[in-house]
Engineer: 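Before we start, here is the structure in question, set down as structure tokens.
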Amino acid sequence: MNSATRQNNVARWVESRFGPHVQNDRRERAMRVLEEAIELAQAIGISIFDAGKLVEHVYARPAGDADQELAGVGVTSLAMAQCLGIDLEEVIDLEIDRIFLLPPDHFKRRQQVKVDAGVACSMEAK
């Protein structure tokens, strides 16, 4: 599957599970990218202490440009995949297949937990 098709399919999936306002909320999307990056770091063995030091380091600098920073996420994901000996395109396609098979209620419950914790936007349109 080409990247444009993959991107559109995932956007439609997010809209179908959470609503278009969740898909189109820049803060929400950034929080989910951050969540996945933290989960990856945790899986690799990065401590919460080291993660916190990095957050402080990043926020001590001026904010970057969203387009360039998103590209940086992609480039560092490719480098991490190479480091782990993983075919990134393959595991992305496997993850898309996996999430498309899970029932919508699975994601609604998980989102509500994040909403209740104040780390996600509500599935209700504002």
Side-chain angles (χ1 to χ4, degrees):
M1 173 183 326
N2 71 44
S3 62
T5 301
R6 185 181 295 116
Q7 183 173 321
N8 287 328
N9 286 346
V10 169
R12 283 194 304 275
W13 176 85
V14 171
E15 287 182 7
S16 75
R17 296 306 190 265
F18 306 104
H21 64 286
V22 173
Q23 166 57 38
N24 296 318
D25 186 302
R26 291 167 54 109
R27 182 178 189 283
E28 177 70 15
R29 299 283 41 93
M31 290 292 283
R32 300 296 60 87
V33 169
L34 179 59
E35 179 181 14
E36 293 301 329
I38 293 168
E39 289 173 351
L40 173 59
Q42 181 185 41
I44 298 300
I46 303 297
S47 72
I48 192 170
F49 177 76
D50 286 339
K53 285 192 317 186
L54 182 57
V55 167
E56 289 176 8
H57 173 75
V58 169
Y59 275 84
R61 300 185 321 235
D65 173 73
D67 291 358
Q68 187 275 320
E69 299 300 347
L70 182 57
V73 170
V75 169
T76 56
S77 294
L78 290 166
M80 186 69 190
Q82 185 68 23
C83 175
L84 296 174
I86 294 171
D87 180 328
L88 187 58
E89 297 290 323
E90 181 179 324
V91 296
I92 288 172
D93 286 339
L94 289 171
E95 180 65 1
I96 291 170
D97 291 345
R98 184 187 76 79
I99 65 172
F100 273 58
L101 293 175
L102 291 170
D105 285 352
H106 170 83
F107 298 100
K108 288 178 181 174
R109 285 190 302 272
R110 288 180 61 177
Q111 183 76 359
Q112 190 58 53
V113 168
K114 294 173 192 175
V115 169
D116 293 345
V119 295
C121 69
S122 173
M123 291 178 288
E124 309 273 328
K126 295 176 185 175

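Predicted model only: the values in this text are computed from it and were never measured.
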Engineer: Measure the CD-CG distance between E89 and N2 for me, rounded to the nearest 0.5 Å.
Structural biologist: 10.0 Å
Engineer: Are L40 and V91 connected into the same hydrophobic cluster when the rule is that any two of I, L, V, M, F, W, Y join if their side-chain heavy atoms are below 4.5 Å apart?
Structural biologist: yes
Engineer: Taking C-beta and beyond as the side chain, do V22 and E15 meet within less than 4.5 Å on heavy atoms?
Structural biologist: no
Engineer: Any heavy-atom pair between the side chains of L84 and I44 that's under 4.5 Å?
Structural biologist: yes
Engineer: Measure across R26 and A66 and return the closest heavy-atom pair with its distance rounded to 0.1 Å.
Structural biologist: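 Nearest heavy atoms, R26 then A66: NH2-CB, 4.1 Å.
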Engineer: State, with a plain yes or no, whether a side-chain heavy atom of R27 is found less than 4.5 Å away from one of M31.
Structural biologist: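 Yes, at least one pair of side-chain atoms sits under 4.5 Å.
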Engineer: State, yes or no, whether a side-chain contact exists between S77 and M80 at a heavy-atom distance under 4.5 Å.
Structural biologist: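 A side-chain contact under 4.5 Å is absent here.
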Engineer: Side-chain contact test, heavy atoms from C-beta onward, threshold under 4.5 Å: evaluate it for I96 versus W13 and give yes or no.
Structural biologist: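 Not touching, per the 4.5 Å side-chain cut-off.
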Engineer: Is the closest basic N to carboxylate O distance between E95 and R98 below 4.0 Å?
Structural biologist: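 Here E95 pairs with R98 in a salt bridge, since their nearest N and O are under 4.0 Å apart.
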Engineer: Is there a side-chain contact between I99 and R17 (heavy atoms, below 4.5 Å)?
Structural biologist: no
Engineer: Can you confirm whether L101 is buried at CG, in the sense that more than 12 heavy atoms of other residues, nucleotides or ligands lie under 6.0 Å from that atom?
Structural biologist: yes
Engineer: State, without any angle test, whether N9 and R12 hold a side-chain donor-acceptor pair at a distance under 3.5 Å.
Structural biologist: yes
Engineer: Side-chain donor-acceptor contacts of residues 110-118 below 3.5 Å, not counting sequence neighbours, with atom names and distances?
Structural biologist:
{"residue": "Q111", "atom": "NE2", "partner": "E28", "partner atom": "OE2", "Å": "3.0"}
{"residue": "Q111", "atom": "NE2", "partner": "C121", "partner atom": "O", "Å": "3.0"}
{"residue": "Q112", "atom": "NE2", "partner": "D116", "partner atom": "OD1", "Å": "2.8"}
{"residue": "K114", "atom": "NZ", "partner": "E35", "partner atom": "OE1", "Å": "3.0"}
{"residue": "K114", "atom": "NZ", "partner": "E35", "partner atom": "OE2", "Å": "3.3"}

